[in-house]
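To keep things clear, I will list the structure first and then write my remarks on it.
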Amino acid sequence: MDLGQTFANFQNLAMTAIAAATNAAELEQVRIEFLGKKQGKLKDLQTVLGQVPAEQRPEVGKRFNEIKDVVTQAWEERQQLLNRPKVAATAIDLTLPGIRPATGKLHPLTQTINEFQEIMSRFGFEVEDGPEIEDEWHNFVALNIPDDHPARDPLDNFYLATAAVAGGGPRLLRSQTSTIQIRVMENRKPPVRIVSIGRVYRPDEIDDTHHLMFHQMEGLMVGPDVTMASLKTVLRLFAAAYLGEDVHVRFRPSFFPFTEPSVEFDVQRGDGWLELGGAGMVDPNVLKAVGYNPDEVSGFAFGLGIARFCMMRHDIKNIRHFYSNDLRFLQQF
Ligand code: PHE
């Protein structure tokens, strides 16, 4: 028998079997078959080695040891490889530099809305909600806005063509959140103390401070002793809570069909004043329209622009930033 060939055969078979093992159990079988101390193939080779004539034995023994080392080492390497934890192809590659997982945030306007609601609930105002598609009663008529008032011009509102099909009078996207005053008073007896924040729509020319969709916070307080002083106190406290204690506010005479008297509410900015909304004492005609008695209760109402406040606090110059989804802007909040 050619001993060299026997050794080579052993090595080839062992190496092939090691490479073919795909898990620890298979690899263990290979170990027992080839390298097993008691009856493996290596043990058989050793027996053969014992029969070699004494003068050849050192050289053959050296060859035997070499093969044994090569196979043992291949087996150990395979074992390490099979033991290594498997990483799924889709898993995050931890060796890549500097990748931060993106975390989402609330939109700056949503953050402002949440804060407004939180401040106003501290003052005891409940939060109400209402539809964005309105009828003329809630958007105009009950608010004492007559038919010939310029605010009712179809060109100044988003009337819906589908409303005619649905029946029940013209519908429009609400142009103001004052609709909520009517909806709340229709459904409740006084006293009432609510705010409502939502979108309103006007076909305005879009510029740095105007958009055809924007958010308002409507406030309404009705009860036996509600006065202009209550209105001024609430608005000043609100502005101080959001913009800081040192804020300066101003009330300017104005006109709205649904408040009498009416005011514009301004906040000082630099050398000038920024108009943040309208307000006033609820007009007796509005109280009557919802079935309240103007001799028993009085109330104030206000409507503030959400974005204006947010722009003022963060020194944002252009209202379009809120709607352009530019991460360089959004990530700053
Ligand atoms: N609805 C008015 C507007 O959109 C604001 C307002 C609300 C004024 C409540 C007075 C009272 O301009």
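Every number for a ligand or one of its atoms is a count from 1 in the order of the listing. Because the structure is a prediction, the values reported are computed rather than measured.
Judged by distance alone, the side chains of Asn318 and His321 never bring a donor and an acceptor atom under 3.5 Å apart. Using modelled atom types and a 3.5 Å distance limit, the side chains of Ser178 and Glu218 yield a donor-acceptor pair.
The aromatic rings of Phe322 and His107 lie tilted to each other, with the angle between the two planes from 30° to 60°.
Residues forming a ring pair (Phe, Tyr, Trp, His ring centres under 6.0 Å) with Phe255 (at least two apart in sequence, or on another chain): none.
Residue Arg236 qualifies as open at atom CZ: its count of foreign heavy atoms under 6.0 Å is 12 or below.
With Glu275 as the fixed residue, the salt bridge (charged side-chain N to carboxylate O under 4.0 Å, His left out) test singles out one of Arg269, Arg252, Arg250: Arg252.
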Filter the ligand 1-protein atom pairs down to N or O on both sides and distance under 3.5 Å, then list them.
{"from": "ligand 1", "atom 1": "1 (N)", "to": "Gln176", "atom 2": "OE1", "distance (Å)": "2.8"}
{"from": "ligand 1", "atom 1": "1 (N)", "to": "Ser178", "atom 2": "OG", "distance (Å)": "2.9"}
{"from": "ligand 1", "atom 1": "4 (O)", "to": "Arg202", "atom 2": "NH2", "distance (Å)": "2.8"}
{"from": "ligand 1", "atom 1": "4 (O)", "to": "Gln216", "atom 2": "NE2", "distance (Å)": "2.9"}

